[in-house]
Amino acid sequence: MCSVLRLASLLFVAGLLPTPAAIAKSALDCIDPEDAVGVACESPASLRVQLRNLCADAVFVNLCIQVDGEEWDCWRADPLAPGEALTGESCWSTRRYEFAACTGGVSECGFTP
């Protein structure tokens, strides 16, 4: 076991294994975001956001929509399977949203609004 860890460390240092940031970036590349204003709750201030996984592997996704000043409504896909979508909807949004995607679990995403 020790030799496996030593080999993994050497590969990481040599640049042959991706860094955690590179893994997170490639997971973000898997997500296709779509948003629509005014389609939910019969409210012109509403926002619906759909995040679809376009990759062949599952990814973990966090999505938050800002609803008022510092308040956010958040959703999590733990994980989001290939081809599936995570949808978040807020009736009274500021029309601002943020999301993060990663491969090693939602805690890896490091996203909190």
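Values reported hereafter were calculated over all heavy atoms of this structure, with side chains retained and with hydrogens, waters and symmetry mates removed.
Residue pairs that meet the salt bridge (charged side-chain N to carboxylate O under 4.0 Å, His left out) test with at least one member in residues 78-88, sequence neighbours left out, do not exist here.
Within the model, atoms CG of Leu51 and CD1 of Ile31 stand 6.0 Å from one another, a figure rounded to the nearest 0.5 Å. Note that CD of Glu98 is 9.5 Å distant from SG of Cys74, once rounded to the nearest 0.5 Å. Here Arg76 contributes atom CZ and Cys64 contributes atom SG; the two are 9.0 Å apart, rounded to the nearest 0.5 Å. Interatomic distance, CG of Asp73 versus CD of Glu89, reported as 10.5 Å (0.5 Å rounding).
The minimum heavy-atom distance between Leu86 and Ala77, with the atom names listed, is CD2-N, 4.0 Å. Across every non-hydrogen atom of Trp72 and Tyr97, the tightest pair is CZ3-CA, 4.3 Å. When every heavy atom of Gly83 is checked against every heavy atom of Arg52, the shortest pair comes out as O-NH1, 2.6 Å. Closest of all the heavy-atom pairs between Cys55 and Pro82 is O-CB, 3.2 Å. Between Val59 and Ala27, the closest heavy-atom pair is CG1-CB, 4.1 Å.
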Notebook entry, point to check: Does the side-chain contact (heavy atoms from CB on, under 4.5 Å) test come out yes or no for Trp92 and Val67, once each step is laid out?
Noted result: CA-CA 6 Å; Trp92 303 103; Val67 291; 5.7 Å; no
Checklist line | Pair Phe60-Asn62, side-chain contact (heavy atoms from CB on, under 4.5 Å): steps then yes or no | finding: CA-CA 7 Å; Phe60 297 85; Asn62 291 333; over 6 Å; no
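Contact annotation: the side chain of Val49 approaches that of Leu63 to within less than 4.5 Å [non-hydrogen atoms, C-beta and beyond]. A heavy-atom distance below 4.5 Å is not found between the side chains of Trp75 and Val61.
Using a distance-only test at 3.5 Å, with no hydrogens or angles considered, a donor-acceptor pair links the side chain of Asn53 to the main chain of Leu80. Side chain of Thr87 to main chain of Gln50: no donor-acceptor pair is present (N/O by atom type, distance under 3.5 Å, no hydrogens or angles).
Listed by chain and residue number, Val37, Ser93 satisfy the side-chain contact (heavy atoms from CB on, under 4.5 Å) test with Arg95 (two or more places apart in sequence, or in another chain).
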